[in-house]
Structures are given as C-alpha cells and as structure tokens.
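Take a look at the structure below.
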Amino acid sequence: MPIYLYNTLSRKKEIFETIEPDKVRMYVCGPTVYDACHIGHARSVVFFDVLARYLRARGFEVIYVRNFTDVDDKIIQKAQKTGTSCKEIAEKFIREFYEDMDALKVERATFEPRATEYIPDIIKLVQALIDKGHAYPLDGDVYFSVERFSGYGKLSGRKLDDMEAGARVNVDVRKRNPFDFALWKASKPGEPEWDSPWGKGRPGWHIECSAMSSALLGDSIDIHGGGQDLTFPHHENEIAQSEAVFEKIFVRYWVHNGFVNINSEKMSKSLGNFLLIKDVLKSYHPEVVRLFLLSSHYRSPIDFSDKTMDESRAALDKIYAVLSRLEDRFGINPPELPQQSGDLWKRFCDAMDDDLNTARGIGMVFESVRTLNRFLDTSETSMPEDTAAAILATWADLRSIGRILGVFSESTEQYAADSKRLGIHNTMVDPAWVEQMIADRTAARKAREWQKADDIRKQLETMNVILEDRPEGTLWRMG
RNA sequence: GGCGGCAUAGCCAAGUGGUAAGGCAACGGUCUGCAAAACCGUUAUACAUCAGUUCGAAUCUGAUUGCCGCCUCCA
C-alpha cells in the first residue's frame with residue numbers, strides 16, 4: 001500500500017516515492033528565534049513530528065533536519081529594543097523552544113542546525129549564484145535575480161508579471177527587479193556580521209535554508225515542509241536559489257500545514273490573540289493539545305477555543321479510561337511494548353497513507369474504544385480465549401497508534417495524576433479538603449444518610465470535582 | 001487586481017463515483033441508594049444554490065452565493 005502525500009508544487013496528492021529506497025530526507029523550516037512559540041508553531045512542529053514518526057514506523061530511515069534561523073532582522077530589532085545581544089536573544093528563545101516542544105513530547109530531529117553555524121556554506125552558495133549569473137552584488141548586498149531563473153513562481157503559482165501589477169513592495173530602484181531578494185546584507189554598525197567577498201555582512205532570509213539543506217541532506221531531498229505562509233516567498237525563493245546553483249530538482253514533495261485560528265479569528269499580534277504554547281499548557285495536558293492539533297486534517301484550518309479544547313480533553317479521557325479498564329483487567333502495562341498486528345493498526349495505516357489523515361485515524365480509534373468497552377461490559381468475569389486475544393491485539397494497536405501520534409502514550413496512572421494536577425491548578429481546589437469531604441460522604445453513605453451524601457456530591461460538583469463510586473472506594477477527578 | 005482553499009447534522013469532523021465514519025452536546029433506556037463511567041437506542045431521504053456528465057455524485061464539470069488564506073514579517 002503506497003503512501004500518498006499532497007504536494008504543493010503539483011497541487012495534487014502524489015504517490016510518495018523516495019530518491020533512495022527506504023530512506024527519507026526531510027527538511028522542515030524551524031522558527032526564527034526572536035519570540036516565544038505560539039500554538040501555530042506547535043501545529044507545524046507536532047505535525048511534522050508525527051510525519052517523521054509514521055514514516056519510521058513504516059520502515060523508512062528518516063533523516064530529519066529542523067533548523068533554527070538565528071540571524072535575522074527581527075532578532076536584531078528585538079536585541080536593540082531590549083538592550084541585549086542577538087546571540088542572547090537567539091539562545092533564550094532556542095531554550096524556550098525546547099522547553100515548549102519537549103513538553104509537547106516532540107521528538108528531536110536528526111539534525112537541528114543553526115544558520116550561524118553555516119555561514120561558510122552560505123557564502124559559498126551566494127558566490128556560486130553570482131558566478132552563474134543568478135545574483136549580483138550591490139553596495140555590499142547581494143541580490144538574487146528572479147528574472148534569470150525561469151522557474152520562479154512555480155511553487156506558489158504566481159507569475160512575475162501578475163505580482164508586479166498588484167503587489168505593494170518597497171520599490172528599491174537599485175534592484176533590477178522589485179522581486180529580487182537579498183542573499184547577503186551589508187551589516188550596519190552593531191549588527192551581527194561576518195567577513196565575506198562583498199564586505200562585512202550577514203545572510204538574508206531564505207539562503208540559510210538552502211545552505212543547511214544541501215549541507216546536511218544533499219542537493220535533492222524528498223520532503224521540505226513548513227507552514228502554509230512559507231510557500232511564498234520563503235520556499236519559492238529557496239527553490240530559486242537551490243535549483244539555480246545545483247541545477248537539479250531541489251525538493252520532491254512540498255508539504256505545508258494549515259493555520260490555527262483563535263475563536264475563529266486569525267491569530268495575529270495586532271489582534272492581541274497570540275496564544276503561547278507555555279500558556280496553553282498551563283490549562284491543558286500536552287496530549288490534549290496534540291490530540292486537538294491532530295483531530296483535523298493538517299491542511300485544514302483549525303479553530304482553537306475553550307470549547308474545542310475541552311472536547312479534545314473529554315475525548316482523551318475516554319481513550320485513557322478504556323486503556324485503564326483493559327490494562328487492569330488483563331494485567332498489562334505500556335512498557336511491555338506491544339507489537340501492532342491487528343485490524344485497527346491496518347486501518348489506521350490506511351488513513352495515514354492517505355496524506356496523513358490523522359482525523360480519520362483518530363475516528364477509528366474511537367470506533368475501537370466502543371468495541372472494547374462493549375466486550376468489557378458484557379464479559380465481566382470471563383471470555384473466550386479468541387475474544388481475549390482479539391482484545392489484546394486491539395490494545396496493542398491502540399498503544400502503537402499512541403506512539404505515532406504522541407497521544408495516549410503515557411501510563412494511565414500518569415495521565416490521571418497529571419490531569420488531576422492540572423484541574424487542581426485551574427480551579428484552585430484543595431485536594432486535602434476534597435479527600436475530607438469524600439471521607440465524610442463515605443461515612444454518611446455507610447449510615448444510609450443519602451441526603452447528606454448527595455449534598456456533599458453536589459457541593460463538590462459545583463467546584464468541578466466529579467466523584468465515582470467504585471467497589472474499591474470513591475475516586476475523584478476534575479470535570 | 002492576481003493566485004489558492006473551503007462550504008457535510010446543534011457544534012467539531014471524516015468521506016476523493018456506488019448510496020452519509022467518529023467525537024461533543026441533547027433526549028430515552030440498562031446499570032446505580034443517587035450519581036459517574038460504560039453500553040444500547042434516537043438525532044442529516046441528505047452533503048451552500050442551480051445546471052450538467054453518469055445506470056449511479058457529497059464525491060466529476062460549469063455557473064452562482066458565502067466564508068477564508070496568500071500576494072508584506074508571520075507556523
């Protein structure tokens with residue numbers, strides 16, 4: 001069964017075929033480190049994390065590069081505004097990136113290079129572009145000449161003529177074409193700078209990705225990814241640079257994820273609705289965030305709101321609940337890494353093979369949750385051996401899927417404890433007090449004082465504490 | 001002005017030519033002292049509108065309407 005991937009370049013789903021059998025070279029544009037990461041970064045990083053995990057599960061060796069752009073206009077601005085150095089700014093936000101993404105259980109990429117570590121490669125590329133007549137120096141800057149590259153616009157579906165008609169571009173009369181973009185920028189006093197054949201300066205935006213991609217993965221790679229907004233101009237310009245120099249297809253599959261809206265509005269600094277990952281994680285379990293992000297197809301826009309997040313939390317609770325029942329009943333533990341083998345895994349793969357349709361895959365998870373609960377309900381004491389085997393196979397598949405999505409991948413105890421901690425944090429209830437109330441209620445129930453017992457239940461309910469009477473005692477959790 | 005995307009039940013969301021997955025919410029039921037959880041049942045003759053292709057379309061084509069994104073830094 002082949003894997004299909006939507007390719008922005010052809011605007012179609014295509015059968016995924018790698019340059020080298022069983023080996024995937026993948027480059028994903030990482031952040032420009034001048035600010036904290038928001039939920040939109042999380043979507044992109046989580047999605048490509050899942051893509052890498054899935055390709056590995058399907059037997060590919062995946063060489064995954066995710067860069068940091070640590071030299072850029074915005075970093076310089078930030079440094080000047082805060083009175084610190086660019087290096088400090090970059091270091092700070094790289095550190096924060098790791099804190100956020102580690103919390104979201106994002107696996108490390110194979111290589112995580114920084115632009116400033118590749119200055120010699122960048123200079124070499126720029127020089128090669130000049131030598132081939134694709135770029136020209138100008139007062140210490142170097143510009144790429146878009147008119148000299150015939151494929152310019154093929155990714156974003158634009159023609160230079162059309163763009164000139166309506167674009168609002170700062171017209172720099174020195175440039176040969178308004179869309180010529182900087183490969184190298186002469187540095188102003190106080191800016192980061194490196195020696196180059198064109199004087200002291202720093203790389204422009206775009207060239208660092210071409211340089212790091214070719215240095216680490218070669219001139220042609222399988223997948224290049226990023227947010228939809230990077231299609232133009234960033235990726236368009238990368239193609240122009242790399243193909244002009246290497247005269248080969250730069251990337252076979254261009255993969256772009258959609259945006260996250262906040263309460264149906266575009267997330268933007270002017271609207272003041274930027275949601276930082278670290279803030280979201282104060283209220284929601286990391287796996288809830290991942291499940292939310294993966295519940296829609298990666299190319300569709302998704303809407304972040306309390307409602308959609310609460311639904312994801314309810315959904316995740318439900319999955320953990322059945323896992324807990326199952327693992328208690330059969331005395332199994334997640335560390336006993338299961339071998340996926342069953343029908344559920346197969347159908348999950350069918351969904352994932354279809355352009356990483358995580359939404360469909362998650363739907364299948366819920367179908368199996370109901371099936372499992374049904375079996376557990378109808379056979380409290382015993383069940384035929386083949387039924388038990390089928391249930392165990394489904395359990396193994398569930399846990400395997402959890403490891404691909406990075407969701408329901410914890411022990412049920414850990415998840416319950418973390419959820420409770422978050423709930424307590426959000427509502428400020430005192431666990432000791434809750435325990436005391438439960439003890440009082442248990443006493444009342446023993447004495448058959450139902451009215452008193454129910455009053456306690458109701459009182460706790462108003463504080464969002466839900467009680468569950470089990471044979472072994474009363475459990476509580478945050479609703 | 002140019003380019004692209006999307007419109008499926010109260011809400012979220014699959015479906016990519018063969019007769020509408022799943023989640024949440026709601027209602028009824030089983031279970032329970034009462035609940036919670038779980039399970040069962042009910043909830044779109046119908047997929048923005050109109051026309052066309054086809055034995056057959058949510059799925060293909062054209063038009064219309066409405067949203068949205070990009071064209072400037074942005075995941």
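This structure is a prediction, so every number in the text was calculated from the model and none was measured. Each chain gets a letter, A, B and so on, in the order the sequences are listed, and its residues count up from 1. Every heavy atom of this structure was used, including side-chain atoms; hydrogens, water molecules and symmetry mates were not.
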Counting side-chain heavy atoms from CB outward, which of [options] is closest to [X]?
{"X": "A:Trp205", "options": "B:rA75, B:rC73, B:rG22", "result": "B:rC73"}
{"X": "A:Arg158", "options": "B:rG22, B:rA14, B:rC71", "result": "B:rC71"}
{"X": "A:Ser300", "options": "B:rC74, B:rG23, B:rA14", "result": "B:rA14"}
{"X": "A:Ala359", "options": "B:rA13, B:rA75, B:rG23", "result": "B:rA13"}
{"X": "A:Phe179", "options": "B:rA75, B:rC73, B:rU72", "result": "B:rU72"}
{"X": "A:Lys266", "options": "B:rU16, B:rG23, B:rC74", "result": "B:rC74"}

Select base, sugar-phosphate, or nothing to describe what [X] touches, counting heavy atoms under 4.0 Å on all strands.
{"X": "A:Phe232", "answer": "sugar-phosphate"}
{"X": "A:Thr32", "answer": "nothing"}
{"X": "A:His297", "answer": "sugar-phosphate"}
{"X": "A:Val365", "answer": "nothing"}
{"X": "A:Thr308", "answer": "nothing"}

Give the rounded distance in Å between these two atoms: [atom1] of [X] and [atom2] of [N].
{"X": "A:Leu230", "N": "B:rC73", "atom1": "CG", "atom2": "C1'", "result": "11 Å"}
{"X": "A:Gln228", "N": "B:rC3", "atom1": "CD", "atom2": "P", "result": "18 Å"}
{"X": "A:Leu291", "N": "B:rG23", "atom1": "CG", "atom2": "P", "result": "13 Å"}
{"X": "A:Phe348", "N": "B:rA14", "atom1": "CZ", "atom2": "P", "result": "15 Å"}
{"X": "A:Arg374", "N": "B:rC39", "atom1": "CZ", "atom2": "P", "result": "8 Å"}

Original post:
Does CZ in A:Arg174 sit with more than 12 non-hydrogen atoms of other residues, nucleotides or ligands closer than 6.0 Å?
Top reply: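 For A:Arg174, atom CZ is crowded (more than 12 foreign heavy atoms under 6.0 Å).
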Regarding [X] and [Y], does a basic nitrogen lie under 4.0 Å from an acidic carboxylate oxygen?
{"X": "A:Arg66", "Y": "A:Asp49", "result": "no"}
{"X": "A:Arg176", "Y": "A:Glu147", "result": "no"}
{"X": "A:Asp317", "Y": "A:Arg477", "result": "no"}

Original post:
Would you say B:rC40 has OP1 or OP2 under 4.0 Å from some side-chain N or O of A:Arg370?
Top reply: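 Yes.
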Original post:
According to a strict under-4.0 Å criterion, is A:Asn357 in side-chain N/O contact with OP1 or OP2 of B:rG15?
Top reply: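 Yes.
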Original post:
Once the angle between the rings of A:Phe348 and A:Tyr54 is folded into 0 to 90°, is it parallel (under 30°), tilted (30 to 60°) or perpendicular (over 60°)?
Top reply: perpendicular
**OP:** Kindly assign one of parallel, tilted or perpendicular to the pair A:His256 and A:Trp254, based on the angle between their ring planes and the thresholds 30° and 60°.
**Re:**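 Because their plane-to-plane angle is under 30°, the rings of A:His256 and A:Trp254 count as parallel.
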Subject >> Between B:rG18 and B:rC68 - C1' atom distance, rounded Å >> reply: 33 Å
Just the table, please: protein N/O against nucleotides 6-11 of chain B N/O, every pair under 3.5 Å.
residue	atom	partner	partner atom	Å
B:rC11	O2'	A:Lys307	NZ	2.8

Original post:
Hey, does A:Phe16 have a side-chain heavy atom less than 4.5 Å from the side chain of A:Leu55?
Top reply: yes
Restricting both atoms to N or O, compile the protein contacts to nucleotides 58-61 of chain B shorter than 3.5 Å, with distance only.
none

Subject >> Watson-Crick and G-U pairing of RNA chain B, under 3.5 Å, as dot-bracket with | and [ ] >> reply: ((((((((.[[[..)..(...]]].(((((.......))))).....[[[[[..)....]]]]])))))))....
Subject >> With A:Lys278 via salt bridge (charged side-chain N to carboxylate O under 4.0 Å, His left out) - residues at least two apart >> reply: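 Salt bridge (charged side-chain N to carboxylate O under 4.0 Å, His left out) list for A:Lys278, sorted by chain: A:Glu96.
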**OP:** Residues of residues 39-47 of chain A with any non-hydrogen atom less than 4.0 angstrom from an atom of RNA chain B: list those, numerically ordered, please.
**Re:**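 Contacting residues: A:Gly40, A:His41, A:Ser44.
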Subject >> Face-to-face stacking of A:Phe259 with B:rA75, centres under 5.5 angstrom, angle under 30° >> reply: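 By the stated criterion, A:Phe259 and B:rA75 stack.
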**OP:** Classify every nucleotide of nucleotides 27-37 of chain B by which part a protein heavy atom approaches to under 4.0 Å, writing B for the base, S for the sugar-phosphate alone and - for neither, in 5'-to-3' order.
**Re:** ------BBBBS
